[in-house]
Amino acid sequence: GQQLNQSPQSMFIQEGEDVSMNCTSSSIFNTWLWYKQDPGEGPVLLIALYKAGELTSNGRLTAQFGITRKDSFLNISASIPSDVGIYFCAGFTGFQKLVFGTGTRLLVSP
Amino acid sequence: DAGVIQSPRHEVTEMGQEVTLRCKPISGHDYLFWYRQTMMRGLELLIYFNNNVPIDDSGMPEDRFSAKMPNASFSNLKIQPSEPRDSAVYFCASSSGTGIQPQHFGDGTRLSIL
């Protein structure tokens, strides 16, 4: 089946550093989404990407939809402690079904 | 605006008991999704509904699992009989079906089967 692989699996950084994480797939996706999950809560949508090559920002977050539609990256600039959480990429397979990536766990040291 | 509301937030029960998880989607959303999250398998789609009708239940692990959506503002997921391997966090999500719309998640039900 379709799978989304995220890297790195986890990151431990200092407050103020920039962060970059990736999501790749062997299949083409029409839409990519990036979610963040805080402990004890459900995933919250950060950014949605609808077109190949699209670059979208949301505050300190920037995400890009790869030209091949098989990958995406998420950057966080000037990280802060509340950025801690698990970041998931997700792709629509059509018919409203989402496939989620394996997640990148981010820890930020003050 | 109220988001997706799930209840209970936590459930601990003994193996063999029936478990019922509940979800109230965002008003006006016509798609509702049930997911299960575990360390081993991540977030898995179990079943989803459109306009209260089940569209795809291929992710439902066994016949012990069932889900219904009697109206646009409520859905439940039942496990009967429950087993320890059903322990996980179960999420409900909803979306508006106009085009490709992101799903909005509830805070989940943490289920522990002893």
Side-chain angles (χ1 to χ4, degrees), chain A residues 1-10 21 23-25 27-52 54 56 58 61 63 65 69 72 74 85-105, chain B residues 1-10 21 23-26 29-51 53-60 88-111:
Chain A
Q2 292 166 307
Q3 288 186 320
L4 296 180
N5 298 307
Q6 289 187 243
S7 64
Q9 283 188 328
S10 62
M21 58 189 78
C23 183
T24 60
S25 172
S27 304
I28 289 174
F29 286 91
N30 297 320
T31 301
W32 287 82
L33 306 176
W34 283 94
Y35 283 87
K36 181 192 176 201
Q37 185 176 21
D38 290 330
E41 298 183 12
V44 174
L45 180 69
L46 298 174
I47 289 179
L49 301 162
Y50 297 101
K51 298 179 182 178
E54 179 180 355
T56 297
N58 178 7
L61 276 59
F65 193 158
R69 292 191 286 155
S72 176
L74 175 70
I86 304 177
Y87 291 80
F88 291 98
C89 62
F92 272 106
T93 64
F95 302 104
Q96 303 293 337
K97 290 180 70 170
L98 269 181
V99 174
F100 278 84
T102 49
T104 293
R105 184 181 298 272
Chain B
D1 289 345
V4 176
I5 299 172
Q6 292 187 245
S7 64
R9 288 298 313 274
H10 303 274
L21 311 180
C23 175
K24 177 179 170 56
I26 293 172
H29 281 189
D30 51 358
Y31 281 86
L32 183 141
F33 306 81
W34 282 102
Y35 289 87
R36 178 171 67 177
Q37 186 176 37
T38 61
M39 288 294 292
M40 292 297 296
R41 300 174 68 88
L43 268 164
E44 303 174 279
L45 178 65
L46 300 178
I47 184 171
Y48 78 95
F49 297 81
N50 177 220
N51 291 322
V53 176
I55 302 300
D56 186 338
D57 65 355
S58 59
M60 296 286 261
V89 182
Y90 291 80
F91 287 102
C92 177
S94 70
S95 70
S96 168
T98 305
I100 298 294
Q101 295 294 333
Q103 296 169 19
H104 299 268
F105 284 75
D107 284 337
T109 295
R110 182 173 294 276
L111 177 64

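The sequence lines fix the lettering, A, B, ..., with proteins before strands; numbering per chain opens at 1.
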Enquirer: Output all residues satisfying ring pair (Phe, Tyr, Trp, His ring centres under 6.0 Å) with Tyr35(B), sequence neighbours left out; order by chain, then residue number.
Expert: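 With sequence neighbours excluded, Tyr35(B) shows a ring pair (Phe, Tyr, Trp, His ring centres under 6.0 Å) to Phe100(A), Phe105(B), given in chain and number order.
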
Enquirer: Could you check which of Asp56(B), Val89(B), Asp107(B), Leu45(B) has the highest count of heavy-atom pairs closer than 4.5 Å to chain A?
Expert: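 When all of Asp56(B), Val89(B), Asp107(B), Leu45(B) are compared, Asp107(B) has the most.
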
Enquirer: For Arg41(B), is it the side chain, the backbone, both or neither that has a heavy atom under 4.5 Å from a heavy atom of chain A?
Expert: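 For Arg41(B), no heavy atom lies under 4.5 Å from chain A.
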
Enquirer: Which residues pass the salt bridge (charged side-chain N to carboxylate O under 4.0 Å, His left out) test with Arg36(B), sequence neighbours left out?
Expert: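 Checked Arg36(B) against salt bridge (charged side-chain N to carboxylate O under 4.0 Å, His left out); matches are Glu44(B).
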
Enquirer: In terms of heavy-atom proximity below 4.5 Å to chain A, should Asn50(B) be classed as side chain, backbone, both, or neither?
Expert: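 Neither part.
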
Enquirer: Between Tyr35(A) and Gln103(B), which heavy-atom pair has the shortest distance, and what is it?
Expert: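 It is OH-O, 2.7 Å.
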
Enquirer: In terms of heavy-atom proximity below 4.5 Å to chain A, should Leu43(B) be classed as side chain, backbone, both, or neither?
Expert: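 Contact with chain A involves both backbone and side-chain atoms of Leu43(B).
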
Enquirer: Do you know which two heavy atoms are closest between Leu45(A) and Pro102(B), and how far apart they sit?
Expert: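 For Leu45(A) versus Pro102(B), the nearest heavy atoms are CD2-CB, 3.3 Å.
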
Enquirer: Please give me the minimum heavy-atom distance between Ser58(B) and Lys97(A), naming the atom from each residue.
Expert: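 The answer is OG-NZ, 4.0 Å.
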
Enquirer: Around atom CD of Glu41(A), are there more than 12 heavy atoms of other residues, nucleotides or ligands at under 6.0 Å?
Expert: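 Correct, the count exceeds 12.
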
Enquirer: So what's closer than 4.5 Å to chain B heavy atoms on Thr31(A): side chain, backbone, both or neither?
Expert: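 Thr31(A) touches chain B through side-chain heavy atoms alone.
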
